[in-house]
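So the structure is just underneath, and the comments pick up after that.
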Amino acid sequence: MSEKNDNKQGKDFNAASESESRSNFIVEIIERDLETGKWDGRVATRFPPEPNGYLHIGHAKAICLSFGIAKEYGGTCNLRFDDTNPSKEDTEYVESIKEDVSWLGFDWEDRLFFASDYFKTMHEYAVKLIEDGKAYVDSLSAEETAEYRGDYKRPGKNSPYRDRSVEENLDLFSRMKSGEFEDGAHLLRAKIDMASPNMNMRDPAVYRIRHASHHRTGDEWCIYPMYDWAHGLEDSIERITHSLCTLEFENHRPLYDWFLEQLDVYHPQQIEFARLNLSYTVMSKRKLLDLVNEGLVNGWDDPRMPTISGFRRRGYTATAIRTFCDRVGVAKRDNTVDLALLEHTIREDLNETSPRVMAVLDPLKVVIDNYPEGESEEFEAPYFPGQEEKGTRAIPFSREIFVERGDFREEAPKKWHRLAPGKEVRLRYACLITCNEIIRNDDGEVTELRCTWDPESRGGTSPDGRKVRGTLHWVNAATAVTAEVRLYDRLFNVINPLAVEDGHSFVENINPSSCEVLTRCLAEPSLAGAKPESRFQFERIGYFCVDRYDSTDDKLVFNRTITLRDSWAKIEKKLGGK
RNA sequence: UGGGGCGUAGGCUAACGGUAGGCCCCGGGUUUUUGGUACCCGUAAUUGCAGGUUCGAAUCCUGCCGCCCCAGCCA
């Protein structure tokens with residue numbers, strides 16, 4: 001424990017950001033349990049998704065928590081699929097979930113489990129519950145069941161079938177299992193208390209009839225366990241110590257405890273924490289599914305989605321996501337974390353790990369009049385300026401180059417350091433050039449800039465010490481490779497997309513310019529053949545990732561992960577405002 | 001309305017009866033061949049409100065107020 005505290009105060013922020021677990025109420029419980037020997041010194045957690053959708057950043061928090069705690073305390077964390085509802089689940093989802101957890105950097109080793117692995121055991125325990133007189137087969141319709149349950153104000157009333165004999169219950173349950181009845185004809189219920197103020201305790205359903213093919217057990221079963229029955233048993237069977245879940249299950253804990261007590265089996269502790277909400281996006285599987293189904297995004301792994309696979313495709317790193325999850329902390333109060341924190345974490349990681357290269361998104365031709373035609377030369381540029389030992393590459397240079405159209409202004413505003421008539425700027429790693437003339441087409445649009453260079457400034461240095469504030473990125477016309485660049489921005493343009501008036505849908509809050517595709521971008525030749533998922537910083541623009549699906553050697557496709565901070569934009573905004 | 005939770009700067013979070021700390025955002029500055037990074041400085045919380053206990057309260061007690069969850073044969 002003291003070692004942890006020392007760590008927290010240490011100066012090694014890199015190490016801290018990777019694995020430091022900050023103080024939170026769950027860690028406190030675990031440390032206390034470790035001290036008292038409550039679980040014989042074991043720490044066993046689990047991450048139990050239902051395979052009915054893709055994992056999102058909220059799940060990442062849960063994964064980092066459960067796997068992270070197991071790792072930190074020398075325990076284990078199981079990956080367990082809670083596949084108790086065959087009509088919603090699919091192997092496509094289990095595959096994607098496994099890939100995402102593993103990509104995030106966590107290893108379940110040989111502890112991959114499925115609730116469906118325990119169907120037989122769960123059924124046996126259900127029989128035991130019936131034998132003990134603690135469960136009965138109800139034959140009310142779904143509507144009647146709801147009516148009998150009562151509401152917050154009124155207690156429920158007992159079903160007329162509640163007092164069936166153990167023999168009759170056993171017989172009916174067995175016939176439910178053998179497929180004799182239609183869906184909904186009967187329901188196995190726990191006999192608890194129809195007047196409980198906790199609705200979950202009003203004779204909750206244990207097994208329902210569902211004639212559906214299960215993605216793993218096929219048609220072996222036509223009755224399936226309910227979450228409350230299944231989950232505690234799964235935890236118990238796997239000898240979980242701390243069963244971490246989100247706040248909405250708080251009301252289920254009495255039931256979780258009740259079942260395990262009645263069965264007199266190993267009994268883990270359920271602990272609830274607040275789920276993660278992120279500004280400018282939605283986190284519910286249902287809403288994300290809507291976006292996918294309505295074609296508002298290109299699938300679950302669209303780079304604008306808050307899914308793990310979407311973030312991955314966008315270029316976010318697993319390290320950054322883990323760091324983010326660590327920084328948001330774990331507590332019990334509802335929260336909405338600022339997207340800016342995620343973005344900061346991504347930039348922080350990418351800044352350290354991404355090689356710098358040059359690419360021009362919106363090219364404007366520049367001809368250097370005093371550079372001899374037909375000649376060329378190369379400049380050596382480091383991938384990590386200031387850390388030349390990490391490698392360099394040659395950048396060709398000649399008479400015709402391209403710069404960013406946005407880096408030129410016919411009339412330079414105040415504090416403008418970039419290109420404008422008569423102004424001298426530096427071409428990064430290359431030289432100093434001065435703009436002399438503007439060439440236009442018939443429509444008056446600027447199509448070309450005529451400049452001169454100072455041959456003494458080779459490498460970009462100022463030969464006489466004259467001050468040149470502006471440094472531009474550029475590419476050599478003859479050797480540039482073309483690329484498609486997809487500029488992604490936040491999917492929604494309001495902090496809380498779900499806050500809409502009646503009759504309106506959250507999709508109305510979608511940011512219409514959340515994806516802009518540029519097809520005629522020009523990149524330096526070293527980028528030719530860049531491997532899928534490799535990441536770069538395009539100097540002065542942002543971080544980009546080679547699309548893992550659409551990019552080929554013939555056609556490069558980059559996704560913008562995140563822009564660089566743009567303090568000029570702030571300055572200009574301020575100037576404009578005055 | 002019954003029950004279960006939760007209220008600490010704009011957003012997250014720490015503090016475990018000893019006098020509110022950190023990160024993000026925001027503002028200013030230094031360095032800079034990225035208007036990036038790094039570094040420095042700064043703004044901002046009478047801890048939801050009102051009482052009480054105590055030498056001392058964000059922490060304990062009481063009462064209010066506000067927000068979230070629960071009436072699936074979903075998880």
Side-chain angles (χ1 to χ4, degrees), chain A residues 8 22-24 28 48-50 52 82-85 87-89 138 140-142 145-147 149-156 183-189 196-202 204-210 223-224 226-228 230-231 245-254 272 274 276 279 285 327-345 347-348 351-352 356 358 381 385-386 415-418 426-430 432 457 459-462 468-473 495 537-542 563-572:
Chain A
K8 202 189 301 189
R22 37 191 75 208
S23 168
N24 66 57
E28 278 178 23
E50 180 188 18
N52 67 343
D82 212 353
D83 54 350
T84 57
N85 184 355
S87 40
K88 286 191 175 182
E89 299 151 7
D138 198 357
L140 250 27
S141 70
T145 308
E147 207 177 301
R149 185 157 25 233
D151 56 34
Y152 300 143
K153 190 71 188 221
R154 280 176 296 278
D183 286 9
H186 302 284
L187 179 71
L188 183 70
R189 293 230 256 170
S196 172
N198 181 344
M199 304 297 285
N200 294 122
M201 302 299 274
R202 319 247 264 225
V206 175
Y207 264 93
R208 79 284 216 177
I209 301 171
R210 189 84 110 223
I223 55 172
Y224 292 92
M226 297 292 292
Y227 165 84
D228 288 299
H231 205 90
C245 62
T246 43
L247 246 31
E248 65 268 29
F249 292 103
E250 227 159 9
N251 295 329
H252 292 248
R253 188 174 358 115
E272 311 85 9
L276 171 73
S279 59
K285 272 188 193 173
R327 285 192 187 155
V328 300
V330 179
K332 295 197 76 156
R333 61 173 95 158
D334 294 330
N335 62 82
T336 301
V337 174
D338 193 341
L339 219 212
L341 176 59
L342 212 211
E343 295 179 337
H344 171 265
T345 312
R347 284 198 187 96
E348 180 181 58
N351 176 52
E352 280 179 27
R356 314 284 117 132
M358 292 197 289
K415 297 189 180 179
W416 179 259
H417 298 157
R418 282 111 102 142
R426 173 168 29 244
L427 295 179
R428 177 132 242 234
Y429 307 122
L432 266 22
S457 67
T461 55
S462 174
V468 178
R469 308 270 313 254
T471 300
L472 270 44
H473 58 98
I495 291 180
Q537 183 196 99
F538 290 176
E539 291 209 52
R540 301 212 309 131
I541 306 176
T563 61
L564 250 32
R565 273 215 174 71
D566 186 356
S567 54
W568 163 247
K570 278 184 194 170
I571 293 169
E572 192 173 31

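Numbers restart at 1 for each chain; the letters A, B, ... are given by sequence-line order, proteins then strands.
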Exercise for the section: Identify whether any heavy atom of A:Val468 sits under 4.0 Å from a base atom; if not, whether one sits that close to sugar-phosphate; answer base, sugar-phosphate or nothing. Expected result: nothing

Exercise for the section: Would you classify A:Ser141 as touching base, sugar-phosphate or nothing, given that sugar-phosphate means primed atoms plus P, OP1 and OP2, and contacts are heavy atoms under 4.0 Å? Expected result: base

Exercise for the section: Would you say whether A:His231 stacks on B:A75? The test is a distance between ring centres of less than 5.5 Å and an angle between planes of less than 30°. Expected result: no

Fill in the blank from the handout: Rounded to whole Å, CG of A:Asn198 lies from P of B:A71 at a distance of 10 Å

Exercise for the section: Could you check which of B:C12, B:C73, B:U37 has an atom nearest any side-chain atom of A:Asn351? Expected result: B:U37

Exercise for the section: For A:Arg426, enumerate each residue passing the salt bridge (Lys or Arg N to Asp or Glu O under 4.0 Å) test, keeping only those at least two apart in sequence or located in another chain. Expected result: none

Exercise for the section: Name the nucleic acid region contacted by A:Ile571, choosing base, sugar-phosphate or nothing; use a 4.0 angstrom heavy-atom cut-off, strictly under. Expected result: base

Fill in the blank from the handout: Regarding the side chain of A:Lys332, the nearest nucleotide among B:A75, B:G5, B:U8 is B:G5

Exercise for the section: Classify the nucleic acid contact of A:Ser196 as base, sugar-phosphate or nothing, counting any heavy atom under 4.0 Å across all strands shown. Expected result: nothing

Practice task
With heavy atoms under 4.0 Å as the rule, sort A:Asn335 into base, sugar-phosphate or nothing.
Solution key: sugar-phosphate

Completion exercise
When every non-hydrogen atom of A:Asn198 is compared with those of A:Asn251, the smallest separation belongs to ND2-O, 2.9 Å

Practice task
Measure from CD1 on A:Ile495 to P on B:G10 and round the result to the nearest Å.
Solution key: 13 Å

Exercise for the section: Would you mind telling me which residue lines up with the more 5' stretch of RNA chain B, A:Phe249 or A:Ala146, judged by nearest nucleotide? Expected result: A:Ala146

Exercise for the section: Output yes when a side-chain donor or acceptor of A:Arg149 lies under 3.5 Å from a complementary backbone atom of A:Gly156, and no otherwise. Expected result: no

Exercise for the section: Quickly work out the A:Asn200 CG to B:G5 P distance and round it to whole Å. Expected result: 13 Å

Fill in the blank from the handout: Testing B:G35, B:A75, B:C69 for proximity to the side chain of A:Arg540, the answer is B:G35

Completion exercise
Sorted by chain and number, sequence neighbours left out, side chain to side chain contact (heavy atoms under 4.5 Å, CB included) with A:Arg333 holds for none

N/O contacts under 3.5 Å, protein versus nucleotides 58-60 of chain B?
none

Practice task
Could you check A:Gly329 against A:Glu539 and say which one's nearest nucleotide on RNA chain B is further toward the 5' end?
Solution key: A:Gly329

Practice task
Pick base, sugar-phosphate or nothing for A:Arg149, based on heavy-atom distances below 4.0 Å to the nucleic acid.
Solution key: sugar-phosphate

Completion exercise
With syn defined as a glycosidic angle within 90 degrees of 0 and anti as anything else, the base of B:G36 is anti

Completion exercise
Picking from B:C70, B:A75, B:A14, the nucleotide nearest the side-chain atoms of A:Ser23 would be B:A14

Write out a two-atom table: protein N or O, nucleotide N or O from nucleotides 22-30 of chain B, distance below 3.5 Å.
unit_1	atom_1	unit_2	atom_2	d
B:C24	OP1	A:His344	NE2	3.4
B:C25	OP1	A:Arg565	NH2	2.1
B:G28	OP1	A:Lys574	NZ	2.6

Practice task
Mark yes or no for whether A:Glu89, through its side chain, and A:Asn85, through its backbone, hold a donor-acceptor pair below 3.5 Å.
Solution key: yes

Problem - Salt-bridge contact A:Lys88-A:Glu50 (side-chain N to carboxylate O under 4.0 Å) - result: no

Exercise for the section: Look at all strands and tell whether A:Arg356 reaches a base, only sugar-phosphate, or nothing, counting heavy atoms closer than 4.0 Å. Expected result: base

Practice task
Could you check whether A:Lys153 gets within reach of a base, just the sugar-phosphate, or nothing at all, counting any heavy atom under 4.0 Å?
Solution key: base

Exercise for the section: Describe the nucleic acid contact of A:Gln537 in one word from base, sugar-phosphate, nothing, applying a heavy-atom distance below 4.0 Å. Expected result: base

Exercise for the section: Please answer whether the main-chain N or O of A:Leu339 pairs with a side-chain N or O of A:Ser279 as donor and acceptor at a distance below 3.5 Å. Expected result: yes

Exercise for the section: Classify the nucleic acid contact of A:His473 as base, sugar-phosphate or nothing, counting any heavy atom under 4.0 Å across all strands shown. Expected result: nothing

Practice task
Go through RNA chain B and write down every stem, that is, every run of at least three consecutive Watson-Crick or G-U wobble pairs with distances under 3.5 Å, as range with range.
Solution key: B:2-7 with B:65-70, B:10-13 with B:21-24, B:26-30 with B:38-42, B:48-52 with B:60-64

Practice task
Using the six-membered ring for Trp and the full ring for Phe, Tyr or His, decide whether A:Tyr152 stacks on the six-membered base ring of B:C70 (centres under 5.5 Å, planes under 30°).
Solution key: yes

Problem - Candidate nucleotides B:G35, B:C73, B:G4, ranked by approach to the side chain of A:Asn251 - the nearest - result: B:G4

Handout entry: Spacing between A:Leu247 atom CG and B:C6 atom P, to the nearest angstrom
Key = 8 Å

Problem - Any donor-acceptor N/O pair, A:Arg540 side chain to A:Leu564 backbone, under 3.5 Å - result: no

Exercise for the section: Specify the separation, in whole Å, of atom CD of A:Glu147 and atom P of B:G72. Expected result: 12 Å

Practice task
Have a look at A:Thr345 and say if it touches a base, only the backbone sugar-phosphate, or nothing, with a 4.0 Å heavy-atom cut-off.
Solution key: nothing

Handout entry: Sugar-phosphate, base or nothing in reach of A:Leu140, heavy atoms under 4.0 Å
Key = base

Fill in the blank from the handout: Which of B:G5, B:C73, B:G35 is nearest the side chain of A:Thr145? It is B:C73

Handout entry: Interatomic distance, A:Asp183 CG vs B:C74 P [rounded to whole Å]
Key = 10 Å

Exercise for the section: Answer with base, sugar-phosphate or nothing: what part of the nucleic acid does A:Asp334 contact at a heavy-atom distance below 4.0 Å? Expected result: sugar-phosphate

Handout entry: For atom CE of A:Met358 and atom P of B:G36, their distance in whole Å
Key = 18 Å

Practice task
Name all residues meeting the salt bridge (Lys or Arg N to Asp or Glu O under 4.0 Å) criterion together with A:Glu248; count only those two or more places apart in sequence or in a different chain, and write none if there are none.
Solution key: A:Arg275

